[in-house]
Amino acid sequence: MAIADTQVPVAGGETTYLEAIRQAMFEEMERDPSVFLIGEDVGVYGGAFKTSAGLIERFGAERVIDTPISEAAIVGAAAGAALMGMRPIAEMQFIDFIGCAFNQLTNFAATARYRNGNGCPIVVRGPAGGGVHGGPFHSLNPESFFLNTPGLKIVAPGTAYDAKGLLKAAIRDEDPVIYIEHKFLYRRIKETLPAEDFVVPIGKAAVRREGKDLTIITFGAMIYVAEDAAKELEADGVSVEIIDMRSLLPFDEETMLSSVAKTSRVIILHEATLTGGIGGEFAARIADKAFEYLDAPIKRVAAIDTPVPYSPPLEAFFLPNKDKVIAAARELLDY
Amino acid sequence: MPTDVVMPQMGESIAEGTVIRWMKKVGDKVERDEPMFEISTDKVDAEIPAPASGILTEILAAEGATVAVNSVVARLSGEGEAPVPAGAPAGAPAAAPPQSSTASATAPAEPPAKTAVPAAAATPASPQAGANAAMASDVSQEASGVSPSDATPVAKTPVPPKAAQTSTEKTTSTDASSQEDSGNVAALDERRRTKSSPVVRKIASENDIDITQISGSGISGRVTKKDILDYMEAPQAAEQEHAQQPAVAPGSRPAVSPMSFKPGENVRIEPMSVMRKRIAHHMIVSKQTSAHVTTLFEVDFTNIDKLRKRYKEHYAERGAKLTYLPFIVQALVSGLREYPILNSSIDGESIVYRKDLNIGIAVALDWGLIVPVVKNADEKNILGLAKTINDLGERARTKKLSPDEVQGGTFTITNPGIYGGLFGTPIINQPQVAILGVGGVKKRAVVIETDNGDAIVIRSMCYLALTFDHRIIDGALADQFMAKVKVAIEKGQFTL
């Protein structure tokens, strides 16, 4: 089958977050014949968001596999294939449905290395996050469901560079990686990426903005909320440091703690709901290892503890935003 | 089972206590709850009851020793059990306390050992860099363990709140409304003020700074990291520290030629008690803080005398000794309501109006002075005030005050007239802004004006001296306040 030119990605130049994901899959499938993609509508349709457009034309239906609507089957099949030497990428059409594959991920894939001595190198990826009026089934941020599962890795890129580099790193990793992509960023984020091959190592955070008065620890789409808040605070002479964790399991404790040591005030910002969220783990780690560097309580800004509302005004109320971050920052600065 | 007897935590901010006196000897039989020893802390002196019945087998903190709270100071064994021989390995904690108490006893005024301080952090020139370098090294060697010298409780103790006050904690007025809450709010405010934050405590202990000496810009007057770093950078910081140390040991003030007495000279040298050092420190700090001015009023107590005579027995039946004080407190309350600035504190460049009227009453003790506080004095009638004042005074003299009862004062009364003094000019009890000194009430011949012309009569007269902080209270205002108090006293109309 002939491939339309526009569907063959060209690395380098101005690239959206979504295109970065497509490029990463395309390039990794080119590089390694054991890499394949499996999921709902990933083949002929090119993915619900067109993240896999052009892949089936290039690599054929054996490596770009359309499945029935069964996430348990998708992840289960991918995990089995991984144990047999393949490198599957399993797509959840929306990451919300990863719950259907919870058993395959937590009991099977995560424990494989311990049980067999071999890792289970699958990537389970899918669009996460709110702000697009998707309601309860299409807005989830599921990282903390999996945080308590040793054996899994979790990444959540917030830039196009990281989207590409982390996906490549995830595909090349020897263990199961949950790759959380933020659908709000798909076409809103555009960056100039290098033409050559690169990976972003799993487990390393990035300092998005340097500052000295206050640290915001965040990831995913929230890095932009943090940035907006930081700009407004800067106008008042407050210097904010933003740490993009981007790898959530394992996470970069050293970068986080160094920043807290520098600023002594910290906000943890995430889009998932507050209670039981990853912010609690970050906070505990800071309290444990940087206690003597704190000059104020550790603050968390997160979504309200409810299902993600469908109504746009309610969703706006529910999600963390610039004003909530600034309010928390003021509280800490006045402390 | 041997029972450990520990130095109790007498209040949130207390880090250590001094054993003043053992009431039991090794080998004595002790009943549970029987007073075992007496301690002195930054807040109160107290008798400590035995945690269990048994035989006192070991005393680990000698009289005069200052030890960290929760350190083991003695051991009790169950009756019939063999006493634990001294030095026996009776569990890990046993090794440390004697060591710490020795260290503290020989140098009670010194801060905790700073043995584990990284070199970079000790460079005062760049405190920020120091603090960060310390962090970097901590983070990178998080698993490196504790250095041996760090293992004693003393080294672990946070910087002792040297100036933890006798009823002088800082309270900002908050909107926390209900009266039940006000105690908690005060405690929270005080915790913020004295404990600040982990990073501030770390910097303070590494640089031997008493954070209560720094004016805080944070919540509840808390010293923030920026405050302490600015304080360290300020050129006068070093001298100030030096100037303040002598407050504890006046003999070494730079202004005064240092005195040193050698053994053999005809003198007797006694170390100051914890309470004495604390009082010395507070007095000097207050003099250095406020612009003291004293105004003097002559007030006619004749009507109060009449009331006392009339109600004395009635009050005695109800268990209250009726002195002048309840009347003075009630008169003060009426003045403070009208002139709330007398009931305020200064916080940096702000005036903090304190909504509670908590009147501290200085109580002279054979061994010093303490200021228990009549909380919410405006809510009590004369009977309530009399009972409260009797009770606080009695418990001050028997060392049974709780730390909470010497905190939260917003205005203080002292009584220099008790031994016949005409009047005194008291020193303000920080962070308050005024203090009333009550002279002796004495019958004098005074000239009064009547409709039938001037007359010389015998009246019970008293001099009231108000010392106020001229930084925020001007003379006119102080005198208006005193005029109001004077009228209230002379009219003799009280809520009995």
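Worth knowing before you read on, the calculation uses all heavy atoms, side chains too, and leaves out hydrogens, waters and symmetry mates. All chains are named by letter (A, B, ...) in the order of the sequence lines, taking the proteins before the strands, and each is independently numbered beginning at 1.
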Item to check | Polar side-chain atom of B/Ser197 near backbone of A/Ala296 as donor-acceptor pair, under 3.5 Å | outcome: no

Checklist outcome for this item: So NZ of A/Lys212 and NZ of B/Lys226: to nearest 0.5 Å the spacing works out to 8.5 Å

Item to check | Polar side-chain atom of A/Asp295 near backbone of B/Val199 as donor-acceptor pair, under 3.5 Å | outcome: no

Next on the checklist: Are there over 12 heavy-atom neighbours, none belonging to A/Asn148, within less than 6.0 Å of that residue's CG?
Outcome noted: no

Next on the checklist: To the closest 0.5 Å, what do you measure between OG1 (B/Thr224) and CG (A/Leu332)?
Outcome noted: 12.5 Å

Next on the checklist: Within a 6.0 Å radius of atom NZ on A/Lys299, are there more than 12 heavy atoms belonging to other residues, nucleotides or ligands?
Outcome noted: no

Item to check | Within 6.0 angstrom of A/Phe198 CZ, more than 12 heavy atoms from elsewhere | outcome: yes

Next on the checklist: What verdict does the side chain to side chain contact (heavy atoms under 4.5 Å, CB included) test give for A/Leu294 and B/Lys225, after you've listed the backbone C-alpha separation in whole Å, the side-chain angles of each residue and the deciding distance to 0.1 Å?
Outcome noted: CA-CA 9 Å; A/Leu294 288 171; B/Lys225 181 178 161 193; over 6 Å; no

Checklist entry - Rounded to the nearest 0.5 Å, what separation is found between the OG atom of A/Ser264 and the CG atom of B/Leu229? => result 8.5 Å

Item to check | Check: A/Tyr335 main-chain N/O paired with B/Arg222 side-chain donor or acceptor under 3.5 Å | outcome: yes

